[in-house]
Amino acid sequence: SAVISQKPSRDICQRGTSLTIQCQVDSQVTMMFWYRQQPGQSLTLIATANQGSEATYESGFVIDKFPISRPNLTFSTLTVSNMSPEDSSIYLCSGAFGGNTEAFFGQGTRLTVV
Amino acid sequence: AQSVAQPEDQVNVAEGNPLTVKCTYSVSGNPYLFWYVQYPNRGLQFLLKYITGDNLVKGSYGFEAEFNKSQTSFHLKKPSALVSDSALYFCAVRPVTGGGNKLTFGTGTQLKVEL
């Protein structure tokens with residue numbers, strides 16, 4: 001696998017503002033994903049970050065709310081836009097090499113919107 | 001569509017006793033199956049996976065899991081639990097073909113190992 005550095009690790013933000021989360025992998029990966037996790041609960045896939053093109057969003061998630069960039073094979077960002085308290089959650093970045101290899105995860109960003 | 005069920009929200013076991021965390025899945029075609037562990041305020045750590053071959057797979061920290069195709073299960077086991085095993089455990093599945101390499105996770109099982 002590889003190592004993912006995700007930052008910030010946590011933040012407290014005012015409603016109506018935006019936060020950008022960064023994810024840096026120590027090697028080139030085929031795929032990168034962004035998940036949301038309520039504390040102690042399961043992971044919900046937000047989108048697949050595609051290198052050099054628009055991300056592929058899951059049902060219930062839209063680009064205007066969660067714009068994603070992936071300029072190269074080692075880096076991606078997720079922005080949570082126009083935040084409300086309902087956006088308070090843990091956001092996780094994941095990478096994978098494809099095939100039968102396992103996905104690996106960043107440490108997560110704990111976001112609190114007040 | 002693929003899905004994973006972890007029927008137990010919490011499993012309690014005494015240190016030194018064997019533990020089992022249950023997982024059943026649904027997927028089109030053959031599955032890749034994974035177990036991850038999450039400690040408080042941490043990301044997910046990979047424990048083990050089933051891709052093909054031997055139904056009993058061994059992973060990190062003494063954990064193992066048994067793939068049962070007829071029962072569509074992939075239960076996580078450890079012969080002797082440690083207090084340090086206390087954490088949140090997730091089972092995940094994705095199909096061998098199709099699916100865009102997207103994982104589907106279960107709801108998680110909180111394992112509590114007590115002295």
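So you know, we letter chains A, B, ... as the sequences are listed, proteins then strands, and number each from 1. Side-chain atoms are counted along with the backbone in the values below, which use heavy atoms only and exclude waters and symmetry mates.
Looking at B:Leu103, both its backbone and its side chain come within 4.5 Å of chain A, counting heavy atoms on both sides. Residue contact with chain B, scored on non-hydrogen atoms closer than 4.5 Å, involves the backbone and the side chain of A:Gln107 alike. Heavy atoms of B:Gln110 lying under 4.5 Å from chain A are absent altogether. For A:Gln37, the part lying under 4.5 angstrom from a heavy atom of chain B is the side chain only. The parts of B:Leu44 that come within reach of chain A are both its backbone and its side chain, each placing non-hydrogen atoms under 4.5 angstrom from that chain. If you measure heavy-atom distances from B:Phe105 to chain A, the contacts under 4.5 Å come from both the backbone and the side chain. Within the 4.5 angstrom heavy-atom criterion, no atom of A:Ala96 approaches chain B.
For the 3.5 Å distance criterion, the side chains of B:Ser28 and B:Gln2 fail to qualify, holding no donor opposite an acceptor. There is a side-chain donor-acceptor pair under 3.5 Å between B:Gln6 and B:Thr109. Side chains of B:Asn68 and B:Ser70: a donor on one and an acceptor on the other come within 3.5 Å. In this structure, a donor-acceptor pair under 3.5 Å is present between the side chains of A:Thr20 and A:Thr79.
With chain B as the partner, the residue from A:Gly99, A:Cys93, A:Ser94 showing the most heavy-atom pairs under 4.5 Å is A:Gly99. Chain A forms more heavy-atom pairs under 4.5 Å with one residue of B:Pro40, B:Gly106, B:Ala92 than with any other, namely B:Gly106.
Of the candidates A:Tyr91, A:Phe105, A:Phe66, A:Phe105 is the only one forming a ring-ring contact (aromatic ring centres under 6.0 Å, His included) with A:Tyr35.
Between B:Tyr50 and B:Tyr25, the distance from one ring center to the other does not fall under 6.0 angstrom.
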Show your working on side-chain contact (heavy atoms from CB on, under 4.5 Å) between B:Val57 and B:Lys49 and close with a plain yes or no. CA-CA 7 Å; B:Val57 295; B:Lys49 66 182 177 185; over 6 Å; no

